[in-house]
Amino acid sequence: MNILFLTPPSPKNIRLFRSIDCSMNTKAAYLWQPYDYLIISSYAKKDDNVSFLDGTVDSLSKDEFYKKLIELKKTNWDIVFSCTGSGAYHEDVPILLEIRKIFFNSTICVLGDVFIDKWFIEDILSKDFDGIVYNPYHIDLNQISKIREKKLKDNTNKFDIESIITEPIDHPFLKDLKKKKVTVVDANVPRHDVFQNKGYSWPFNTKKRYTTVTTMWGCTYSCDYCNSGRMHPIAKTNENIIKEFEYLNEKGFKEIQFSDKVFGVPKVERKELLKKIIEKELAISFSCYFHPSMFDEELLELMKKAKCHTIVIGIDSANLKDLALHNRKVNENTLHKLIDKANELKINVCGDFILGLPHETEEDILRTIEYSKKLKIDFASFNVFALSPGSPDRTKAIQEGKIPENACEETLSNVTSSKHVSGDRLIELRRKANREFYFRPWMFFRRIRRLQSIEHLMIQLNQMVGIIKNNIV
Ligand code: SF4
């Protein structure tokens with residue numbers, strides 16, 4: 001079988017990331033590897049031909065991208081996957097239509113965070129796309145490859161295929177949001193070799209030869225402003241992850257970015273996993289997202305022994321209590337214990353902050369900026385609040401007539417002003433936050449002390465230039 005993965009070029013050459021649960025224009029100079037594609041590729045058989053073209057990481061113009069597609073047309077692709085996202089859906093559609101035209105006989109499945117909302121599901125399916133991938137697991141490539149032929153022959157869009165939407169229905173995950181439980185999946189090793197490109201990076205990497213591993217996709221938490229919170233959590237078995245680590249060691253990978261929204265779930269199993277990784281000497285230097293409420297001394301100690309050097313935690317606001325308004329519960333005491341323990345273990349901490357939550361005034365935002373500087377953390381990521389597809393906040397804004405159903409926005413170019421602060425002012429405040437957080441002598445010396453090698457220094461310098469270019473100047 002021939003399987004082709006595509007990422008469209010991005011408007012104005014921005015570093016736009018598109019996946020099922022997230023769309024973002026990166027704040028520094030990095031671009032994530034397409035972790036959904038990596039997961040889907042684990043369903044390809046050994047002799048399947050898997051190929052990938054990424055117009056964003058290669059900074060292709062639309063014409064250059066189309067030229068490459070015409071070359072690729074020489075192969076008869078059974079399935080073409082393409083992604084889009086709320087950061088550029090309306091700009092992506094003409095490119096997707098061109099893809100449709102070029103690969104007329106192939107099954108084309110799309111994926112992207114916008115497809116949590118019905119408007120976008122209806123829109124893309126009305127444009128002759130064959131399916132929407134809403135879950136990268138349980139993918140039956142053989143069944144998917146037959147959709148197009150049957151659709152053209154029988155003029156139908158009714159297919160009962162797991163993880164794929166082929167007709168305009170409500171997103172399947174929205175039905176039982178309250179019953180979200182971790183399900184365990186048995187999956188093969190993804191095709192890491194296919195998705196290697198020097199252009200991908202992640203600011204916390206300490207080495208350039210890296211790849212992305214997902215141990216749990218989706219999220220066990222359900223914060224109202226986040227569309228990952230709409231995705232049911234699916235965890236790989238420890239046996240599968242150990243096999244993946246054996247493969248990555250064999251291939252000489254030096255660094256891992258875990259794409260898990262919260263690393264360490266399910267906790268008991270993941271502690272066992274870390275013990276096995278340490279015992280079998282498979283540890284590879286890594287960074288990951290972590291939730292403050294997952295704080296557990298033993299877990300953090302095991303992570304450190306398994307070569308974890310950085311954790312990214314959602315702190316979001318100085319006023320942690322008010323986050324409960326958005327269904328997010330973070331205990332200040334636990335947060336401080338986590339930061340202290342990470343400092344004791346010399347694990348770097350990056351705090352994620354949101355500026356302009358709907359209830360926040362400018363004073364609240366300024367308090368968050370001050371708070372970020374008081375914490376003993378190494379990095380801070382300041383995001384302007386945006387209405388994520390599928391989030392209750394977005395549904396409310398549509399109902400109140402504040403935004404149309406087809407509105408797209410992302411955290412770097414917010415178009416919806418919060419109740420108290422305008423969109424332009426939020427962007428200014430984000431610049432101020434970055435300037436004040438990073439340009440401190442204390443921060444400078446801390447960064448120097450934590451450097452591991454010349455390679456690490458070069459990665460950090462590159463990211464710093466990106467932060468200055470995109471967020472400060
Ligand atoms: S914990 Fe993080 S990823 Fe999960 S729902 Fe909350 S903000 Fe989203």
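Whatever order the structure lists ligands and atoms in, that order sets their numbers, starting from 1. Being a predicted model, the structure only gives us computed values, none of them experimental.
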Review point. Closest non-hydrogen protein atom to atom 2 (Fe) of ligand 1, residue and atom name please, with distance?
Key: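 Residue, atom and distance for the closest contact: Arg328 NH1, 4.1 Å.
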In this structure, is the centre-to-centre distance between the rings of [Y] and [X] below 6.0 Å?
X	Y	result
Phe195	Phe52	yes
Tyr89	Phe120	yes
Tyr134	Phe115	no

Would you please classify the geometry between the [Y] ring and the [X] ring as parallel, tilted or perpendicular, with 30° and 60° separating the classes?
X	Y	value
Tyr137	Trp217	perpendicular
Phe258	Phe245	parallel
Tyr35	Trp32	tilted

Practice item. Answer yes if the side chains of His420 and Glu363 hold a donor-acceptor pair under 3.5 Å, and no otherwise. Key: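 Side chains of His420 and Glu363: no pair found under 3.5 Å.
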**Study point:** Within-2.8 Å protein N/O/S contacts of atom 8 (Fe) of ligand 1
**Key:**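 Those protein N, O or S atoms (cut-off: under 2.8 Å from atom 8 (Fe) of ligand 1) are Cys226 SG.
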Exercise for review: Within a distance under 4.0 Å of any heavy atom of His291, pick out the atoms of ligand 1 and give their elements.
Suggested key: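 Near His291, the atoms of ligand 1 are 1 (S).
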